[in-house]
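Computation of the quantities below employed the complete heavy-atom set of this structure, encompassing side-chain atoms and omitting hydrogens, waters and symmetry-equivalent molecules.
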Amino acid sequence: MIALADCNNFYVSCERVFNPSLEGRPVVVLSNNDGCIVARSEEAKALGIAMGTPYFQAKDMIRKHDVQVFSSNYELYGDMSSRVMSMLSGFAPGIEIYSIDEAFLDFSHLKKVEDMETLSREIRSTVRQCTGIPVSIGVAPTKTLAKLANRAAKKNPDSGGVSVLAGDRRIEEVLKTTNIGDIWGIGSASAEKLSRAGIRNAMELRNASDNLIKSLLGIAGLRTAMELRGQSCIALEETTHERKSLCCSRSFGRPVQSLDELLEAVSQYVAEAAHRLRNEKLAAGAITVFIDTGRFRKSEHYFNSAMEILQVPCDGTAELASCATRLVRKIYRNGNAYSRAGVVFGSIGTSTEVQGDLFEEKRTSRAGLSEVMDSINRKLGGGSVFYAAEGVTKPWAMSRRKCSPHYTTRWEDLPTAG
DNA sequence: TCTGGGGTCCTAGGACCC
DNA sequence: TCTGGGGTCCTAGGACCC
């Protein structure tokens, strides 16, 4: 058996831990650049505010019902997440951290349903007490069913936040009441295809023929169907596997037209991404840059990207930035108002095992400067030293007008009592 | 006026090999 | 006149996840 522990309305819950006055009130958290609503408290959901609603479209409703609004504070959510995950990992022999607010736990050592329920309740109350975050737990024979069990736990107020899916009758009950699009692995495109073929709920997908499913959805869809039948096809992955790409992209606070501002923004994204690269002891073998006018603008949509393969994999900000700068110049088109840009590192490998260039006469040390800058920023706080190329006033920076303090990661933001 | 960001996997088609 | 079969690797695009 596998358990899925999923934090309730995670970002909202993080805000509430340090601001108890939010308890019982409608609260929403916005995506980067204060664009969309990406987390809602139960009270906000009850008002009919949908996931992903653009903030500006919901403003009337927000004012009318005095909904509390927060910008995304990923520093806070990331730190709270690691607290929750470290609590969870003490409760099971195996854990797979699946996302910032979810983890699968190995429950295979438990044989009785009552034991699974008891342990789940213990996990819930301990995590709540030690971190302040409410968690729901679903238990089932496969990951896909555990996802459904978790939904059932959240939906049913009598469940106490725990639901174990064991036994054919109980499983079928849930399958029948789950819409096809609410199954893990079935997105909108697949839901559309299936419903045209007359398959509208999880039970109907489970009972459909392998050939039909494979022809409609391919091998991934077939795996999902088998998981609904109770046959585990998606293993618990306890080891974190090596990263394949690393991306830093952001929308601008206001449209950007000048090449200079675009270059500043991209330089900053490179600096951020390269810093993460070095933290993970990795080096990039290729770099892609993209710029985008955005798809909601009335004028013609312009999106373009360019890639360069590096002679020798690299983790230094300066070298990566000079490459990125070259690429921006290549795709920049004058007269456009850009709303977004980004940098993607690919062909990633371990920085200690870099294949050198046979024909390079003398290998210059590239690591030194970035390392020194990292250590200064670690000691004095992020952003203490940076390349001037990143810009100083940054008029293009994203908006985060309603960001809460970084309660757990910055000394000056420590909450005070009394 | 205002619409996020960061990932992975699968598939089909092309290029190439012997 | 007539031209095989089996395989790998790479890439772009689509779909999915949170």
Side-chain angles (χ1 to χ4, degrees), chain A residues 4-11 28-40 50-60 62 69-74 77-78 81 96-104 143-144 147 150-151 180-194 214-224 233-235 237 240-255 269 272-273 276-277 280 285-286 288 290 292-298 301 303 305 307 309 337 339-348 398-402:
Chain A
L4 174 65
D6 190 322
C7 302
N8 301 354
N9 318 326
F10 182 55
Y11 298 169
V28 298
V29 176
L30 305 176
S31 63
N32 265 339
N33 212 28
D34 293 347
C36 295
I37 291 167
V38 292
R40 305 154 296 154
M51 179 70 175
T53 308
Y55 177 39
F56 72 91
Q57 281 176 11
K59 269 189 178 159
D60 284 347
I62 283 168
V69 180
F70 291 88
S71 301
S72 289
N73 185 345
Y74 287 108
Y77 311 150
S81 172
E96 173 188 343
I97 296 170
Y98 178 67
S99 75
I100 193 164
D101 70 335
E102 284 169 80
F104 291 102
K143 281 183 171 180
T144 306
K147 278 272 189 184
N150 195 285
R151 274 190 80 234
I180 198 81
D182 292 330
I183 303 169
W184 187 49
I186 306 292
S188 59
S190 300
E192 175 74 16
K193 273 188 213 165
L194 289 170
K214 177 113 192 279
S215 71
L216 289 173
L217 308 183
I219 194 74
L222 193 51
R223 271 204 283 264
T224 297
C233 298
I234 306 172
E237 293 179 25
T240 55
H241 26 226
E242 283 157 29
R243 171 196 283 289
K244 291 167 182 161
S245 69
L246 193 160
C247 167
C248 180
S249 82
R250 216 135 293 161
S251 295
F252 301 128
R254 60 140 171 82
Y269 303 162
E272 260 187 68
R276 280 163 58 200
L277 216 49
E280 299 180 28
T288 302
F290 65 83
D292 188 1
T293 58
R295 50 190 203 286
F296 298 106
R297 226 166 275 287
K298 283 204 186 67
H301 182 198
F303 173 95
S305 68
M307 191 194 62
I309 292 168
S339 65
R340 194 169 74 102
V343 177
V344 187
F345 294 150
S347 303
I348 287 180
M398 69 172 178
S399 354
R400 285 172 96 186
R401 296 221 179 88
K402 297 164 185 292

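At whole-Å resolution of the value, CD1 in A:I309 and P in C:dC10 are 11 Å apart. In this structure, A:I180 places its CD1 atom 15 Å from C1' of C:dA15, rounding to the nearest Å. Nucleotide B:dC2 holds its P atom 18 Å from the CG atom of A:N32, rounded to whole Å. Rounded to whole Å, the distance from CZ on A:F252 to C1' on B:dT1 is 18 Å. The nearest whole Å value for the distance from the CG atom in A:D292 to the C1' atom in B:dG6 is 16 Å. Taking atom OH of residue A:Y98 and atom P of nucleotide B:dC9, one finds them 11 Å apart after rounding to whole Å.
The stretch residues 339-346 of chain A touches DNA chain B through A:R340, each having a heavy atom under 4.0 angstrom from the strand. Near-neighbour residues of DNA chain C inside residues 183-190 of chain A, defined by a heavy atom below 4.0 Å, number-ordered: A:I183, A:W184, A:G185, A:I186, A:G187, A:S188, A:A189, A:S190.
Counting non-hydrogen atoms under 4.0 angstrom, A:I100 reaches nothing in the nucleic acid. Across all strands, A:Y55 comes closer than 4.0 Å to no nucleic acid atom at all (heavy-atom distances). Within 4.0 Å of A:R276, counting heavy atoms only, lie sugar-phosphate atoms of the nucleic acid but no base atom. Among the protein residues, A:R400 comes within range of no part of the nucleic acid, since none of its heavy atoms lies under 4.0 Å from any strand. No engagement by A:D34 is indicated, since no non-hydrogen atom pair under 4.0 Å with the nucleic acid exists. Looking at heavy-atom distances under 4.0 Å, A:K193 makes no contact with the nucleic acid at all. When heavy atoms are screened at a 4.0 angstrom cut-off, A:L217 is found touching no nucleic acid atom at all.
Contact between A:G342 and A:S249 at its shortest, heavy atoms only, is CA-CB, 3.5 Å.
One distance of note links CZ of A:R400 with OG of A:S72; it measures 7.5 Å at 0.5 Å rounding. Put simply, CZ on A:F345 and CZ on A:R243 are 11.0 Å apart, with the number rounded to the nearest 0.5 Å. One distance of note links NZ of A:K193 with CG of A:L217; it measures 6.5 Å at 0.5 Å rounding.
The phosphate of B:dG5 has neither OP1 nor OP2 within less than 4.0 Å of any side-chain N or O from A:S72. In terms of phosphate contacts, A:R243 brings a side-chain nitrogen or oxygen within less than 4.0 Å of OP1 or OP2 of B:dG7.
Side-chain atoms of A:S31 lie closest to B:dG4 of the nucleotides B:dG7, C:dC17, B:dG4. Looking at the side chain of A:R223, the nearest of the listed nucleotides B:dC10, C:dC18, B:dG7 is B:dC10. Comparing B:dG7, B:dG4, B:dG6 by their closest approach to the side chain of A:Y74 singles out B:dG4. Taking the side chain of A:C247 as heavy atoms from C-beta on, and the options B:dG6, B:dG4, B:dC10, the nearest nucleotide is B:dG6. Of the candidate nucleotides B:dC10, C:dC18, B:dT3, B:dT3 has the atom nearest to the side chain of A:Q57. Taking only side-chain atoms of A:C36, from C-beta outward, the nucleotide of B:dC2, B:dG6, B:dT3 with the closest atom is B:dT3. The side chain of A:K244 lies closest to B:dC9 when the candidates are B:dC9, C:dC18, B:dT3. Counting only heavy atoms from C-beta on, A:A220 has its side chain closest to B:dC10 among B:dG6, C:dC17, B:dC10.
Residue whose closest nucleotide on DNA chain B sits further toward the 5' end, between A:I219 and A:F296: A:F296.
For DNA chain C, runs of at least 3 consecutive pairs of the Watson-Crick or G-U wobble type, with both hydrogen-bonding distances under 3.5 angstrom, map to B:5-18 with C:5-18.
Remark: the A:S71 side chain and the A:D34 side chain contain an N/O donor-acceptor pair separated by less than 3.5 Å.
Using cut-offs of 30° and 60° on the angle between ring planes, the pair A:Y77 and A:Y11 is parallel.
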| Check against side-chain contact (heavy atoms from CB on, under 4.5 Å), A:N33 and A:F252 | CA-CA 7 Å; A:N33 212 28; A:F252 301 128; 5.9 Å; no
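A donor-acceptor contact shorter than 3.5 Å is absent between the side chain of A:S190 and the backbone of A:G187. Side chain of A:T144 to backbone of A:T224: no donor-acceptor contact under 3.5 angstrom is found.
Rounded to whole Å, the separation between the C1' atoms of C:dC17 and B:dG4 comes to 15 Å.
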